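This one's a predicted model, so the numbers in the text were calculated from it and none came from an experiment. In what follows, chains carry the letters A, B, and so on, assigned in the order in which the sequence lines appear, proteins first and then strands, with residues in each chain numbered from 1.
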There are 2 protein chains.
Amino acid sequence: MTKIKESSTYNANREIVLQECPVTYVMQKIGGHWKPIILYHLLSGEKRYSEIKKAMPHISEKMLIQHLKQLEADNLLIRNAKPVVPPYVTYTLTEAGKELETVISAMAAWAFKDMKRGIVEAVLEG
Amino acid sequence: MTKIKESSTYNANREIVLQECPVTYVMQKIGGHWKPIILYHLLSGEKRYSEIKKAMPHISEKMLIQHLKQLEADNLLIRNAKPVVPPYVTYTLTEAGKELETVISAMAAWAFKDMKRGIVEAVLEG
DNA sequence: ACAAGTACTTACCCCAAAGTATGTATCATG
DNA sequence: CATGATACATACTTTGGGGTAAGTACTTGT
């Protein structure tokens with residue numbers, strides 16, 4: 001059986017790369033502008049929708065909801081809706097979500113180091 | 001006429017988020033489909049262009065070059081061209097690039113754990 | 001009566017990222 | 001003298017992520 005050529009490389013790419021590359025696997029789940037930031041805010045504990053929104057003034061509602069749904073689908077957080085009348089919905093990290101803290105920390109550590117490096121170089125050049 | 005404000009959110013977002021969020025800072029540098037994979041291949045040592053290309057059969061030349069240039073500009077790798085006649089160009093990680101290994105390892109570790117979790121759940125569900 | 005708050009949903013649009021395809025310079029080799 | 005290898009460059013098209021704006025359903029406060 002010849003391998004399916006599906007519709008051109010990029011579908012092929014996605015799947016192959018996903019299976020081969022754990023980093024890409026992670027990127028699928030926490031990549032993009034907003035997801036890591038949402039996760040970051042939830043690392044400090046359960047928050048309700050409006051709290052997250054206030055913590056991220058620059059995100060649109062559409063993006064926020066969309067990524068919350070995605071993170072839920074990816075089993076990184078849990079949505080909890082109380083059937084009360086002003087809706088009361090909270091989001092909590094799952095175990096998987098909490099375990100991302102090590103990844104996020106590693107990133108943050110590297111980022112700070114790299115930012116410093118940038119400054120040092122700028123100073124040396126100037 | 002829906003006019004988009006010149007300086008409206010998404011440009012503002014980028015900058016604000018970059019300054020506020022180290023994770024986004026990292027994403028700018030190693031995010032996307034290809035960059036982490038390129039870095040991964042270079043973690044095992046200096047490689048020439050054609051070697052990287054062969055190691056990543058699904059990337060287009062355009063994307064490969066483009067990301068190599070970007071990674072170079074971001075000070076994550078160094079391009080070394082020997083002025084010989086079949087061109088001989090190698091790429092090596094900088095210190096900053098090598099230090100990404102901790103980040104990439106954290107990602108990989110999480111990914112494998114999470115993949116396993118996915119399998120376990122699938123089995124339990126039947 | 002009606003505005004305001006909460007947690008979304010939907011429709012429409014734009015742009016940057018990624019893909020496709022082809023071109024370039026140089027020399028070695030058949 | 002034409003072909004192939006190497007390391008790119010460039011034009012052109014497509015795709016999808018993200019942005020804006022507006023609507024929904026339900027109730028509380030004034």
Side-chain angles (χ1 to χ4, degrees), chain A residues 5-17 24 27-38 47-73 77 79-91, chain B residues 1-17 24 27-38 46-73 77-91:
Chain A
K5 183 86 199 263
E6 205 46 56
S7 62
S8 83
T9 42
Y10 99 1
N11 278 322
N13 282 343
R14 289 263 271 253
E15 281 169 38
I16 290 162
V17 153
T24 304
M27 288 297 185
Q28 288 293 113
K29 304 222 167 190
I30 69 168
H33 284 324
W34 301 116
K35 283 193 276 187
I37 306 175
I38 295 172
K47 289 217 164 38
R48 60 184 295 198
Y49 176 80
S50 54
E51 287 183 285
I52 304 174
K53 207 174 99 177
K54 270 166 210 158
M56 302 174 63
H58 304 292
I59 196 175
S60 66
E61 296 203 341
K62 177 191 160 192
M63 283 294 105
L64 181 51
I65 290 288
Q66 189 174 301
H67 286 127
L68 285 170
K69 299 272 175 217
Q70 188 57 53
L71 290 167
E72 195 193 1
L77 55 78
R79 196 187 99 109
N80 204 310
K82 287 183 192 169
V84 293
V85 149
Y88 194 97
V89 181
T90 57
Y91 292 89
Chain B
M1 257 279 171
T2 30
K3 259 289 146 37
I4 297 168
K5 285 184 188 170
E6 281 307 325
S7 63
S8 89
T9 43
Y10 102 175
N11 281 322
N13 282 342
R14 291 263 272 252
E15 281 170 37
I16 290 163
V17 154
T24 304
M27 289 297 185
Q28 288 294 111
K29 304 223 167 191
I30 69 168
H33 283 326
W34 301 115
K35 283 193 277 187
I37 306 173
I38 295 173
E46 181 177 78
K47 288 216 165 38
R48 61 182 296 198
Y49 175 81
S50 55
E51 287 183 283
I52 303 174
K53 206 174 101 177
K54 269 166 211 159
M56 304 174 62
H58 304 292
I59 195 173
S60 66
E61 296 204 342
K62 177 193 161 193
M63 284 292 106
L64 181 52
I65 290 288
Q66 189 173 302
H67 287 128
L68 285 170
K69 299 274 175 214
Q70 188 58 53
L71 290 168
E72 196 192 1
L77 56 77
I78 292 163
R79 195 188 100 110
N80 204 310
K82 286 183 192 169
V84 294
V85 149
Y88 193 98
V89 181
T90 57
Y91 293 89

Check the distance between D:dG19's C1' and A:Leu64's CG and give it to me in whole angstrom. 14 Å
Nearest-nucleotide 5' precedence on DNA chain C, A:Val85 against A:Ile65: A:Val85
Hey, which sits more toward the 5' end of DNA chain D by its nearest nucleotide, B:Lys54 or B:Lys62? B:Lys54
B:Arg79 CZ to D:dC8 C1': how many Å, rounded? 8 Å
Rounded to whole angstrom units, what separation is found between the NZ atom of A:Lys53 and the C1' atom of C:dT6? 8 Å
Of all the heavy-atom pairs spanning A:Lys35 and A:Ile30, show the shortest one and how long it is. CB-O, 4.0 Å
Does a side-chain N or O of A:Tyr88 approach OP1 or OP2 of D:dT27 to a distance below 4.0 Å, or not? no
Counting side-chain heavy atoms from C-beta on, which of C:dT6, C:dC8, D:dG18 comes nearest to A:Val89? C:dC8
Measure CD1/A:Ile59 against C1'/C:dC8 and give the value in whole Å, please. 14 Å
Phosphate contact (C:dC8 OP1 or OP2) by A:Tyr91 side-chain N/O below 4.0 Å: yes
For a quick check of understanding: with a heavy-atom distance under 4.0 Å over all strands, which category does A:Ser60 fall into, base, sugar-phosphate or nothing? base
Tightest non-hydrogen contact, residues B:His58 and B:Trp34, listed as O-CH2, 3.8 Å
Indicate, with a heavy-atom threshold strictly under 4.0 Å, whether B:Lys69 touches base, sugar-phosphate, or nothing. sugar-phosphate
Please report the shortest heavy-atom distance between A:Val84 and A:Pro86, naming the atom on each side. CG2-O, 3.3 Å
Take the protein atom CG of A:Asn80 and the nucleotide atom C1' of C:dA7, then report the distance between them rounded to whole Å. 14 Å
A:His58 NE2 to D:dG18 C1': how many Å, rounded? 16 Å
Short side-chain N/O contact to C:dA7 OP1/OP2 from A:Arg48, under 4.0 Å: yes
Looking only at heavy atoms, which two atoms of A:Ile38 and A:Leu68 are closest? And how far apart? CG2-CD2, 3.9 Å
Choose from C:dA7, D:dG18, D:dT6 the nucleotide whose nearest atom is closest to any side-chain atom of A:Pro87. C:dA7
Please classify the nucleic acid contact of A:Glu61 as base, sugar-phosphate, or nothing, using heavy-atom distances under 4.0 Å. base
Considering all heavy atoms, the nearest B:Pro36-A:Met27 contact: CG-CE, 4.4 Å
Specify the separation, in whole Å, of atom CD of B:Gln66 and atom P of C:dA16. 13 Å
Do A:Tyr49 and A:Glu61 have side chains that approach each other closer than 4.5 Å (heavy atoms only, starting at C-beta)? yes
Under 4.0 Å between a side-chain N or O of A:Ser50 and OP1 or OP2 of C:dG5? no
Side chain of A:Met63 only, heavy atoms from C-beta on: which candidate in D:dG19, D:dC8, C:dA18 is closest? D:dG19
Output the rounded distance in Å from NE2 (B:His33) to P (D:dG17). 9 Å
From D:dT6, C:dA7, C:dG19, pick the nucleotide closest to the side chain of B:Trp34? C:dG19
Counting only side-chain N and O atoms of B:His67, is one of them less than 4.0 Å from OP1 or OP2 of C:dA18? yes
